[in-house]
Amino acid sequence: MTYEPRWYVSWIGAEPQGPWTKGEVVRRIVERRVGRGAVVCAEGTGDWVDVVDIVCFGAALTAAEKDHWSLGEGPAEAPVDLVRPRSRAVAALATRECVACREDLLDDAAQCPHCGEPVRPPSVVPPVVVGAPRLHRFREDLATSLRRLPRVARLGFLACGLAAFAGVAAISLRGAPPRVASAPERPSAASSFAATPERTLAHGFVPVGERATDVLAVGDRLLVATRAGVEVRDLGTGQLVTLIADAPGVASLVRVGPTVYAAGDRAVFVLDVEHARLLRRVDMRASVGRPAVNADATRVLLPLPAAKGAATIATEYHAEIRRVRFDEGVASVEWSPDGTRALALTGRVATTIRRWGWRTYRRPARAVGTSVYAFAPISQGSQQEHVRLAVGAQPWSAAFLGNDRAVVALRGEDALVELAWDASGAVRIGSRRATCSQPEQVEVIPGTTRVAVRCAAGRLVEIRGESEGDVRRVDLPGPGTAMVVSASGAVLWVAFGEGQSGGVVAIEAATGSVRRTDLGAPPAAIALAADGHTLMALSAVARRVDLLE
């Protein structure tokens with residue numbers, strides 16, 4: 001014996017009737033006793049739907065309204081070949097429908113002959129009868145009430161509605177300012193991007209999320225740090241692969257071997273780029289600066305400005321192994337090439353929050369860092385001996401020229417100071433050389449002893465050699481915000497920006513020639529891909545990453 005579902009039928013102002021078979025419901029539709037305003041519910045369920053949403057009932061309503069056919073005694077009692085319906089939906093009256101391919105099935109079929117799927121077994125849930133939905137009742141009652149009103153009353157209601165609308169429009173337009181000719185719109189970031197003639201694009205630009213802070217390329221993946229998490233995108237197409245939401249509020253991204261360290265507010269997130277997931281969360285219990293990685297990627301140094309120290313993380317198991325305490329809060333750290341020495345800089349001006357009533361003020365702290373700490377990260381914390389060096393106002397950036405030599409950029413004094421380690425381990429402060437205004441970043445050109453200095457207020461990049469007179473100065477279109485050096489040392493990429501405009505400048509280290517690319521928005525961070533030729537410029541204002549060659 002085959003199972004044939006039965007149906008409960010109801011409409012506005014009537015109690016549910018049934019259960020009836022499919023043929024009985026269709027017969028009542030043909031006899032005009034069930035119309036389009038009815039709702040039906042299958043036996044064994046509690047879902048009431050419109051009768052027109054059921055395929056066979058909707059086809060029967062359409063056919064009954066057009067008087068294209070008549071069922072006589074009903075298809076439930078007559079064979080299918082004697083009814084001769086004119087549509088496939090009507091043919092389903094005496095058959096069932098496959099849940100997989102939606103083809104017609106005979107009543108005694110246990111398997112679909114079209115797709116081979118088994119027929120769904122009958123439901124054993126007891127019938128549930130509920131009332132008609134209130135939305136149907138309200139809609140039908142409103143329509144019935146409006147139809148019962150005289151035509152004069154309906155026209156009066158319409159006139160009142162039009163008069164009220166006209167009054168509200170007149171009041172709103174009376175207070176509107178006079179219309180004046182609007183100024184031409186400023187070109188958008190996308191249009192300025194396409195209109196730049198000197199641009200050479202690798203893959204165009206990639207839209208990113210809100211409040212993006214840093215960008216990094218690992219293999220064929222593009223990582224973007226946003227407020228919601230770290231976006232993992234395909235470097236070739238720019239398509240979003242996934243969002244690592246377990247690492248929110250990341251400020252900087254640093255590659256550490258096969259993983260990526262993402263520095264958050266009070267923690268460091270270790271990311272597996274290949275599988276796009278979070279490996280570990282290292283809680284530092286203090287604000288974290290930009291991580292610094294040694295040459296063989298076995299140790300990571302984390303500056304802790306508020307905790308006045310620096311933490312060392314072992315990358316074998318991604319855990320903190322020691323912490324060094326200082327007398328001042330450090331903002332950045334730098335490794336020596338062999339990983340035996342490090343420098344901690346205190347030059348960045350910290351900010352304090354002062355509250356007055358409901359307002360919040362952020363003012364710079366009065367204390368300005370003037371010290372550099374030289375220490376050995378490989379030593380234990382209890383045996384750590386760090387040397388405090390009073391080098392001058394605001395030591396902002398540092399770079400090692402070798403294992404026993406380093407140069408520090410003093411932003412407050414517009415100078416470079418050299419540090420040297422003796423064989424005994426003592427650190428001596430060497431000569432000073434004047435630079436352009438406000439040097440903020442110093443980088444060593446690979447394979448040489450020359451350094452590149454980026455100056456913000458001076459709008460210059462200086463390429464300096466060993467001697468005092470070996471200096472090449474390159475002007476920038478605006479204040480420099482970031483700088484990266486290619487692995488070969490042949491090209492220096494410098495980001496500049498001021499206000500709502502900015503771009504990137506490529507400088508040849510040997511000749512000093514400049515190639516400028518305007519991006520239409522100030523870049524917040526730049527980074528080089530693994531190939532060394534593709535540059536990624538992140539613009540937080542335009543919320544995109546430009547890919548340049």
Side-chain angles (χ1 to χ4, degrees), residues 200-209 212-226 228-248 250-264 268-282 290-302 313-318 335 443 446 482-493 495 504 506 517 519 523-540 543-549:
T200 303
L201 299 181
H203 307 286
F205 67 91
V206 178
V208 298
T213 56
D214 202 2
V215 62
L216 180 67
V218 180
D220 59 347
R221 290 289 185 262
L222 177 66
L223 276 67
V224 182
T226 64
V230 178
E231 295 182 356
V232 181
R233 295 180 175 270
D234 187 88
L235 188 58
T237 62
Q239 296 295 327
L240 180 64
V241 177
T242 185
L243 173 67
I244 306 178
D246 296 332
V250 173
S252 57
L253 299 170
V254 177
R255 183 173 183 179
V256 184
T259 62
V260 170
Y261 275 41
V268 176
F269 305 96
V270 184
L271 309 178
D272 182 6
V273 182
E274 182 179 359
H275 301 90
R277 62 189 180 96
L278 176 67
L279 285 179
R280 187 179 179 86
R281 181 183 186 272
V282 185
R290 187 177 184 84
V293 190
N294 62 352
D296 54 359
T298 58
R299 295 293 183 267
V300 176
L301 272 179
L302 297 176
I313 293 182
T315 59
E316 295 87 353
Y317 34 87
H318 308 298
W335 282 94
E443 297 286 346
M483 179 176 63
V484 294
V485 183
S486 62
S488 62
V491 182
L492 283 72
W493 296 89
V504 178
T517 302
L519 300 178
I526 58 176
L528 281 173
D531 56 3
H533 302 288
T534 303
L535 181 76
M536 301 163 294
L538 170 64
S539 175
R543 295 174 61 178
R544 73 183 189 198
V545 175
D546 295 286
L547 305 179
L548 311 174
E549 282 187 347

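Along the sequence shown, the residues carry numbers beginning at 1.
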Residue list, salt bridge (Lys or Arg N to Asp or Glu O under 4.0 Å) with Asp272, at least two apart or on another chain = Arg277

Please round to the nearest 0.5 Å and tell me the distance separating atom CG of Leu548 and atom OG1 of Thr517.
-> 5.5 Å

Separation between CD1 (Ile313) and CG (Leu302), nearest 0.5 Å, reads 4.0 Å

Have a look at Val254 and tell me which of Asp214, Val293, Val300 forms a side chain to side chain contact (heavy atoms under 4.5 Å, CB included) with it.
-> Val293

Worked verdict on Phe269 versus Asp246 for side-chain contact (heavy atoms from CB on, under 4.5 Å) | CA-CA 9 Å; Phe269 305 96; Asp246 296 332; over 6 Å; no

Measure across Pro248 and Ala228 and return the closest heavy-atom pair with its distance rounded to 0.1 Å.
-> CB-O, 4.1 Å

Under the side-chain hydrogen bond (donor to acceptor under 3.5 Å, both in side chains) test, residues paired with Arg255 that sit two or more places apart | none

For Arg543, which residues count as a side-chain hydrogen bond (donor to acceptor under 3.5 Å, both in side chains) partner, sequence neighbours excluded?
-> none

Of all residues at least two apart in sequence or in a different chain, which pass the side-chain hydrogen bond (donor to acceptor under 3.5 Å, both in side chains) check with Thr298?
-> Asn294, Asp296

Of all heavy-atom pairs linking Leu253 and Ala262, the shortest is CD2-CB, 3.6 Å

Nearest heavy-atom contact between Val208 and Ala212 is CG2-CB, 4.0 Å

What closest approach, in Å, do Val206 and Gly238 show between heavy atoms, and which atom pair accounts for it?
-> CG1-O, 3.6 Å

Any side-chain heavy atom of Leu278 sitting closer than 4.5 Å to one from Leu271?
-> yes

Backbone of Val270 reached by a side-chain donor or acceptor of Thr259 within 3.5 Å = no

What residues form a side-chain contact (heavy atoms from CB on, under 4.5 Å) with Arg221, not counting sequence neighbours?
-> Leu223, Val232, Asp234, Val241, Val273

Could you tell me which residues satisfy side-chain contact (heavy atoms from CB on, under 4.5 Å) with Ala524, sequence neighbours excluded, listed by chain and number?
-> Ala540

The ring-ring contact (aromatic ring centres under 6.0 Å, His included) partners of Tyr261 (sequence neighbours excluded) come to His318

When rounded to the nearest 0.5 angstrom, what is the spacing between CD in Glu274 and CG in Asp220?
-> 10.0 Å

Can you see which heavy atom on Leu538 is nearest to which on Thr213, and at what distance?
-> CD2-C, 3.5 Å

So how far is it from Leu528 CG to Met536 CE, rounded to the nearest 0.5 Å?
-> 7.0 Å

Considering residues at least two apart in sequence or located in another chain, which fulfil the side-chain contact (heavy atoms from CB on, under 4.5 Å) criterion with Ala506?
-> Val491, Trp493, Arg515

Quick one: CG on Leu235 to OG1 on Thr534, what's the gap to the nearest 0.5 Å?
-> 6.5 Å

Those residues that, when tested against Gln239, pass side-chain contact (heavy atoms from CB on, under 4.5 Å) (two or more places apart) | Thr237

Main-chain N/O of Met483 paired to Glu443 side chain as donor or acceptor, under 3.5 Å | no

Rounded to the nearest 0.5 Å, how far does CZ of Arg233 lie from CG of Leu240?
-> 4.5 Å

Donor-acceptor pair, side chain of Arg290 and main chain of Ala263, under 3.5 angstrom | no

Looking only at heavy atoms, which two atoms of Ala537 and Pro523 are closest? And how far apart?
-> CB-CB, 4.4 Å

